[in-house]
Peer 1: 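My questions all concern the structure below.
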Number of protein chains: 2
Amino acid sequence: MITLTERQSLILKAIVRDYTEGGNPVGSKSLVQELPMKVSSATIRNEMARLEDLGLIVKTHLSSGRIPSIRGYRYYVDHILKPEKVDSRDLKVIQHSLGGEFHKIDEIVAQSADILSQLTSYTTFTLRPELKDSRLSGFRLVPLGNHQVMAILVTNNGDVENQTFTIPNDLSGDELEPVVRFIDDQLIGLPLQDVLRKLQHEIPLKLAKYLQDPDGFLDIFGSVLSKAASERFYVGGKLNLFNYTDQNDPKELQSLYSLLDQTDSLANVIGPPGQHIQVRIGNEITNDLLKNYSLITATYDVDQHGKGMIAILGPTAMPYSRMIGLMGAFQRELARKLLDYYRYFDE
Amino acid sequence: MITLTERQSLILKAIVRDYTEGGNPVGSKSLVQELPMKVSSATIRNEMARLEDLGLIVKTHLSSGRIPSIRGYRYYVDHILKPEKVDSRDLKVIQHSLGGEFHKIDEIVAQSADILSQLTSYTTFTLRPELKDSRLSGFRLVPLGNHQVMAILVTNNGDVENQTFTIPNDLSGDELEPVVRFIDDQLIGLPLQDVLRKLQHEIPLKLAKYLQDPDGFLDIFGSVLSKAASERFYVGGKLNLFNYTDQNDPKELQSLYSLLDQTDSLANVIGPPGQHIQVRIGNEITNDLLKNYSLITATYDVDQHGKGMIAILGPTAMPYSRMIGLMGAFQRELARKLLDYYRYFDE
DNA sequence: TATTAGCACTCTCATCCATAGAGTGCTAAT
DNA sequence: ATTAGCACTCTATGGATGAGAGTGCTAATA
């Protein structure tokens, strides 16, 4: 466990701030001018040598100024940083953007990624409250004529999932009635996860009583169901990658862009909803492509409707205190908006 | 009107080919070795000087080899190039990718953009057959409970458009019946475009007889209708931008990326469906951002179901003859697949 | 014992050659 | 009309050089 003196702590803090703002290694002379105490540059140099021994700062070459190491950022985030109160203009932007009318949870969550990327000029991710805990509250099969039928699934949270299928023969409403009745009787009110599980065993057996050939229907039902139960992931500010990545390495930029299209890899990186706000720096992130960046993740809680996540990807040299303040505010506003939205469907 | 001698034409052709393949300016010595006739490099140099006077090739600096100018590519495309027969493996890839089962026109068209970008390693665009000429063949309002209703619109081409709305009070099927009957009686069979026009005048008046407060319904109907009638645009191979743009100019890359997200600007660039295959080179493209690139567009024709477009964006130094051959094949295969698909809904 | 002034040392960055290599245009000969 | 020969131009590469920024160390100081 590292403990720093008051002065060392101030020096580390100044180095982090200067480097984050200016982007250049920080030398002892410039530090003298900024620090509150009256000491010479030589003293600062001695202290810096100690911070370097502790692994908190590093040189880019033998005689350069210092920049914070991963451990340095870590210490800064854990022990020095105080979350900045969110800027009132930023708060207004958030509230205004979430204030509009939405017809879907996913619209709210997708828009959140965009707002957050706009406020931070970084890249952001949002994950909606998990659907697998939602309960099935309705299932419809609407014949559309022309060999088409639309399957619609509704959850108790007001989420609607639908899909159109092409079928060999047109169906009338009458033929579909027993199926819909079966669903109503047996499955409504169950968590989607349970329905999904039953789809493997019970349902096919029971359904055989109602339908001669249940396979076609099961395909349809299963497809809409798993679409509804799948996690959904939104990315905002892809273009911002150009602002904070290494401009001289187009290969890396391309890999990152490609990563942003792989929802599943990203979902692994962000991880499942956890506690509060978490900061992962550099190689603390499990994905090698991101080992030069930082990731701030936050879980938001919508009571019985589950938990979702928001995340910011940016450079390791990030204004952490502003970001953490912003995340806190966003977390609250988003949860509030979603509660509002859900309340509508709870009667 | 420029006319070239046989030999000049061969030289231009060789310069275009070499530069496209190697990416370096082409000098007289290397040309001597490739050209079928036995002449010295000095003769080639004299001919090259004449081609330069005609504005077909240029130097990158005073004593460099030559590269084709925009006019040079133009001449090559118009008078020299012969479309290459499509590679049989490429054809198989196309047929295989389009061979699967699709539930929507838009899926086919979106996938087309992906296949084409994969085959070319450039960026591609596809535009589906225009919807505004489709006819309305069905409209449904499905009450979902929980203050929600889904509006579904079906066209004679089997296109389905749907949207979920949040409404103040739950509706029963009975209340919706007169509205649906009205649509059935008055609007079915009309082109979407006409319906859209009537929505401004006739419909509100007539509907007033059926409903006390038609405004809410008109909003819903109008929203789904215009969503259905809007053009849809797909982009494939965004990542390929990294392969053929100037690696040293991240600003430009960023602008291009941003352009690819602006469906409307792009639609303007591609233009409305025209005749056959068209090649636009460099500043012949109306968008300034693309003045260093080439655009090949092709219109595909699905008979009475309208016309759509496919396009390839790549560097001016593109293997035009392969690309044009590929476009031709793709055009045919896509039209065939769509005709197949539509046939299903024509009974 | 903590601090500091002074100095030798290291590394980066920009600038300035020098040179090799590729290619051209021109001239005079064929 | 073609070509050999040559002077010339421009690029790309690889040192060499010097200014600037910053460090570590030593010896003196409070």
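Please read all numbers here as calculations on a predicted model, not as lab measurements.
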Peer 1: Which distance, rounded to the nearest 0.5 Å, do you find between the CD of A:Glu34 and the OG of A:Ser30?
Peer 2: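 Taking CD in A:Glu34 and OG in A:Ser30, the distance rounds to 6.0 Å.
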Peer 1: If I take atom CD1 in residue B:Ile44 and atom P in nucleotide D:dT3, what distance separates them, rounded to the nearest angstrom?
Peer 2: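 From B:Ile44 CD1 to D:dT3 P: 9 Å.
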Peer 1: Would you give the length of the straight line joining atom CG of B:Leu241 to atom OG1 of B:Thr123, rounded to the nearest 0.5 angstrom?
Peer 2: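 OG1 of B:Thr123 is found 4.0 Å from CG of B:Leu241.
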Peer 1: Can you run through DNA chain C from 5' to 3' and write each base as (, ), [, ], | or . depending on how it pairs? Watson-Crick or G-U wobble, both distances under 3.5 Å.
Peer 2: ||||||||||||||||||||||||||||||
Peer 1: Atom CD of A:Glu6 to atom P of C:dA2: distance rounded to whole Å?
Peer 2: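 Spelled out: CD on A:Glu6 to P on C:dA2 is 18 Å.
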Peer 1: For B:Thr60 and for B:Ser41, locate the closest nucleotide of DNA chain D by heavy-atom distance; then report the residue assigned to the nucleotide nearer the 5' terminus.
Peer 2: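 Its nearest nucleotide lies further toward 5', so the answer is B:Ser41.
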Peer 1: If the condition is salt bridge (charged side-chain N to carboxylate O under 4.0 Å, His left out), which residues does A:Asp264 pass it with, not counting sequence neighbours?
Peer 2: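 Counting only residues at least two positions away or on another chain, A:Asp264 forms no salt bridge (charged side-chain N to carboxylate O under 4.0 Å, His left out).
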Peer 1: Output yes when A:Arg322 and A:Asp90 qualify as a salt bridge under the 4.0 Å nitrogen-oxygen rule, no when they do not.
Peer 2: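 Result for this pair is yes, salt bridge flagged.
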Peer 1: Under 3.5 Å, which protein N or O atoms sit close to an N or O of nucleotides 19-21 of chain C? Give each pair with its distance.
Peer 2:
none

Peer 1: Would A:Tyr75 and A:Ser9 count as having a side-chain donor-acceptor pair, cut-off 3.5 Å?
Peer 2: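 No, no side-chain donor-acceptor pair sits under 3.5 Å.
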Peer 1: Would you mind listing every side-chain hydrogen bond (donor to acceptor under 3.5 Å, both in side chains) that reaches into residues 56-65 of chain B, with sequence neighbours excluded?
Peer 2: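 Sorted pair list: B:Thr60-B:Ser64.
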Peer 1: Let me know the distance between CD1 of B:Ile11 and C1' of D:dT2, rounded to the nearest Å.
Peer 2: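 Interatomic distance, CD1 of B:Ile11 to C1' of D:dT2: 13 Å.
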Peer 1: For A:Tyr76, what residues pass the ring pair (Phe, Tyr, Trp, His ring centres under 6.0 Å) criterion, not counting sequence neighbours?
Peer 2: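 Testing A:Tyr76 for ring pair (Phe, Tyr, Trp, His ring centres under 6.0 Å), a comparison that skips the adjacent residues, returns none.
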Peer 1: Just N and O in the side chain of B:Thr43: are any of them under 4.0 Å from OP1 or OP2 of D:dT2?
Peer 2: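 Checking D:dT2 against B:Thr43, no side-chain N or O comes under 4.0 Å of OP1 or OP2.
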Peer 1: To the nearest 0.5 Å, how far apart are CD in A:Glu252 and CG in A:Leu289?
Peer 2: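 Reported value, rounded in 0.5 Å steps: 7.0 Å.
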Peer 1: How does protein reach along nucleotides 12-30 of chain D, written 5' to 3' as B (base within reach of a heavy atom under 4.0 Å), S (only sugar-phosphate), or - (no contact)?
Peer 2: ----------BBB------
Peer 1: Hey, mind stepping through A:Ile70 and A:Glu284 against side chain to side chain contact (heavy atoms under 4.5 Å, CB included) and telling me if it holds?
Peer 2: CA-CA 9 Å; A:Ile70 304 287; A:Glu284 296 171 5; 4.1 Å; yes
Peer 1: Would you say the ring centers of B:Tyr244 and B:Tyr122 fall short of 6.0 Å from each other?
Peer 2: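 Yes; B:Tyr122 has its ring centre under 6.0 Å from that of B:Tyr244.
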Peer 1: Taking the side chain of A:Arg7 as its heavy atoms from C-beta onward, which of C:dT12, D:dT3, C:dT3 lies nearest to it?
Peer 2: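 For the A:Arg7 side chain, the nearest candidate turns out to be C:dT3.
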Peer 1: If I take atom CZ from residue A:Arg45 and atom OG from residue A:Ser28, how far apart are they, to the nearest 0.5 angstrom?
Peer 2: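 Answer for the CZ-OG pair, A:Arg45 versus A:Ser28, is 4.5 Å.
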